[in-house]
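Written below as structure tokens is the structure these notes are about.
Per chain, numbering begins at 1; letters A, B, ... match sequence-line order.
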Number of protein chains: 2
Amino acid sequence: MSQARERGIPDATVARLPLYLRALNGLAERGTATVSSEDLAVAAGVNSAKLRKDLSHLGSYGTRGVGYDVQYLIYQISRELGLTQDWAVAIVGVGNLGRALANYGGFVSRGFRVAALFDADTSVVGERLVGMPVEHIDELEDVIRTRDISIVVIATPAAAAQPVADRVIASGITSILNFAPVVLNVPDGVDVRKVDLSTELQILAFHEQRKADRESGSPIMAENLAEAMDA
Amino acid sequence: MSQARERGIPDATVARLPLYLRALNGLAERGTATVSSEDLAVAAGVNSAKLRKDLSHLGSYGTRGVGYDVQYLIYQISRELGLTQDWAVAIVGVGNLGRALANYGGFVSRGFRVAALFDADTSVVGERLVGMPVEHIDELEDVIRTRDISIVVIATPAAAAQPVADRVIASGITSILNFAPVVLNVPDGVDVRKVDLSTELQILAFHEQRKADRESGSPIMAENLAEAMDA
DNA sequence: CGCACTTTGTGCATGTCTTCACAAAGGGAT
DNA sequence: ATCCCTTTGTGAAGACATGCACAAAGTGCG
């Protein structure tokens with residue numbers, strides 16, 4: 001049995017568990033009862049050895065010669081990720097992105113509940129969205145405490161992000177999902193995850209450029225030497 | 001000098017270059033002419049040794065005893081990321097998320113231009129957004145070719161994402177930014193980057209749960225829950 | 001010029017992540 | 001019960017990433 005359930009799941013593994021969970025939910029919907037690491041790995045788009053090692057960090061939940069019980073594995077991963085409880089989430093900033101997030105089905109479905117919406121713009125305050133009224137940012141501290149919010153999503157313009165972060169941290173929040181394109185300055189013990197649209201595009205552009213270079217470009221590359229000389 | 005500009009910048013480095021670029025742009029706006037690796041590292045939220053090693057992969061652009069010239073470094077990173085040219089981007093799926101993306105200032109500002117918007121819903125087609133009409137998804141292949149689109153952003157519902165991916169790849173696209181919560185199946189040579197809202201939340205929940213466990217919790221409880229589930 | 005000071009660029013050690021490859025474990029058929 | 005087949009869980013090796021610590025390189029002052 002070894003040290004399977006000792007605390008300390010690698011970050012890289014934690015980052016992939018949601019992926020496995022989604023693949024498993026897909027299988028469950030199609031009525032699949034058990035799945036091998038090989039099949040699940042394909043569904044999740046990873047290498048099967050990696051998948052097995054990842055799952056081994058949670059415990060020994062497979063059956064040799066058979067595979068993993070889909071429902072049981074869903075439960076185990078959900079529990080490990082903390083999705084067997086409900087997390088109350090607040091969204092700050094109700095622009096297009098905030099609306100997209102609020103409407104996003106995946107939020108509500110599994111473990112997360114949008115419990116508050118905030119904006120600084122008084123022409124938006126009062127509007128109802130997914131059954132919730134948009135509240136003024138002045139209510140932030142009160143609402144976080146009274147509604148037991150534990151995760152805050154920042155979807156404000158860049159300039160507003162740091163002040164909002166400071167305020168929610170002062171109210172006891174230690175988990176922030178930041179969509180604003182700034183590096184948030186936070187004290188130890190506060191987790192910030194950043195989702196950045198333009199960063200992702202820039203990484204794509206880098207690879208796209210390299211592909212273009214490879215095709216038409218560098219005379220130094222051996223494959224192209226012959227053609228370069230023909231010209 | 002050594003082998004600075006040989007091809008092969010580590011992925012981890014590429015992923016951080018956009019971060020440095022943003023920090024540098026912030027400094028440039030405030031009129032800073034040069035910056036040390038230490039100060040830039042703080043602005044970008046990384047370790048200064050890592051920053052220097054990352055930059056060393058691009059070449060030797062610093063001056064010992066002084067630091068880096070802000071404007072020059074901005075140019076060098078931009079060039080490496082391929083931002084000195086304009087990339088025509090198409091957004092497929094004009095729901096709240098698609099609108100948020102289209103309106104997002106960061107897109108246009110630096111190297112990227114929204115050149116087409118598509119949706120399958122005929123009640124959305126024809127609407128104008130950031131000066132572009134929303135076009136019907138049937139036009140996808142034609143527009144990609146005639147407008148020289150090189151990057152496609154998928155912001156559709158989950159079920160539509162794979163068919164859209166298949167079609168854009170058949171039209172010659174090799175760079176996709178996917179916001180739909182599915183693993184896209186693509187041939188070799190096609191780059192897909194995935195942005196997943198619920199994955200990020202789940203990772204936060206994991207860490208939040210661990211913080212809670214550490215304060216108040218018995219580590220044995222989890223084991224018992226699992227057994228209760230078996231019954 | 002020479003010296004003191006700053007800051008880069010990098011060799012090296014350390015740590016983390018990935019992948020291979022296989023022994024051990026279970027299922028099912030005869 | 002025995003054998004064969006499938007599939008897990010993991011030790012070990014390799015690849016990759018990080019961070020320390022310092023020599024080399026530059027600035028500017030006296």
[X] [atom1] - [N] [atom2] separation (whole Å):
X: A:H57; N: C:dT18; atom1: NE2; atom2: C1'; answer: 12 Å
X: A:L58; N: D:dT10; atom1: CG; atom2: C1'; answer: 15 Å
X: B:D69; N: D:dG26; atom1: CG; atom2: C1'; answer: 15 Å
X: A:Y61; N: C:dA25; atom1: OH; atom2: C1'; answer: 18 Å
X: B:R16; N: D:dA17; atom1: CZ; atom2: C1'; answer: 8 Å

Ignoring hydrogens and angles, state whether a donor on the side chain of [X] or [Y] is under 3.5 Å from an acceptor on the partner side chain.
X: A:D148; Y: A:S150; answer: no
X: B:N25; Y: B:E29; answer: no
X: A:Q71; Y: A:Y75; answer: no

Next item on the list: For D:dT7, take OP1 and OP2 only and decide whether either is under 4.0 Å from a side-chain N or O of A:S37.
Entry: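 For D:dT7, neither OP1 nor OP2 has a side-chain N or O of A:S37 closer than 4.0 Å.
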Note to self: Does C:dT7 have OP1 or OP2 under 4.0 Å away from a side-chain N or O of B:S36?
What the structure shows: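 No, B:S36 has no side-chain N/O under 4.0 Å of OP1/OP2 on C:dT7.
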Note to self: Quick one, B:E208 with A:S175, criterion side-chain hydrogen bond (donor to acceptor under 3.5 Å, both in side chains). Give me CA distance, side-chain angles, the key distance, then yes/no.
What the structure shows: CA-CA 7 Å; B:E208 185 72 20; A:S175 293; 2.4 Å; yes
Check: When you measure from the side chain of B:Y68, which nucleotide among D:dG9, C:dT7, C:dG9 comes out closest?
Finding: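 Closest of the options to the side chain of B:Y68: C:dG9.
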Notebook entry, point to check: Of the candidate nucleotides D:dA17, D:dT8, C:dG9, which contains the atom at the shortest distance from the side chain of B:D11?
Noted result: D:dA17
[atom1] of [X] to [atom2] of [Y]: how many Å apart, nearest 0.5 Å?
X: A:L83; Y: A:I77; atom1: CG; atom2: CD1; value: 10.0 Å
X: B:L177; Y: A:I203; atom1: CG; atom2: CD1; value: 10.0 Å
X: A:L58; Y: A:R79; atom1: CG; atom2: CZ; value: 8.0 Å

Next item on the list: Would you name the heavy atoms of A:V35 and A:L40 that are closest together and state the gap between them?
Entry: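 The answer is CG2-N, 3.7 Å.
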Note to self: I need the minimum non-hydrogen distance between A:T156 and A:A180, along with the two atoms involved.
What the structure shows: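 Smallest heavy-atom distance, with atoms named: O-CB, 3.6 Å.
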Next item on the list: Could you identify which residues of residues 17-30 of chain B place a heavy atom less than 4.0 Å from some atom of DNA chain C, listed by residue number, or say none?
Entry: none
Notebook entry, point to check: Can you list, by residue number, the residues of residues 42-54 of chain B that have a non-hydrogen atom closer than 4.0 angstrom to DNA chain C?
Noted result: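 Under 4.0 Å from DNA chain C: B:R52, B:K53.
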Notebook entry, point to check: For B:H57 and B:E80, what are the C-alpha separation, side-chain angles and deciding distance, and is it a side-chain contact (heavy atoms from CB on, under 4.5 Å)?
Noted result: CA-CA 10 Å; B:H57 287 114; B:E80 197 63 52; over 6 Å; no
Next item on the list: Verify, without hydrogens or angle tests, whether B:R167 (side chain) and B:L140 (backbone) share a donor-acceptor contact under 3.5 angstrom.
Entry: no
Under 3.5 Å, which protein N or O atoms sit close to an N or O of nucleotides 27-30 of chain C? Give each pair with its distance.
none

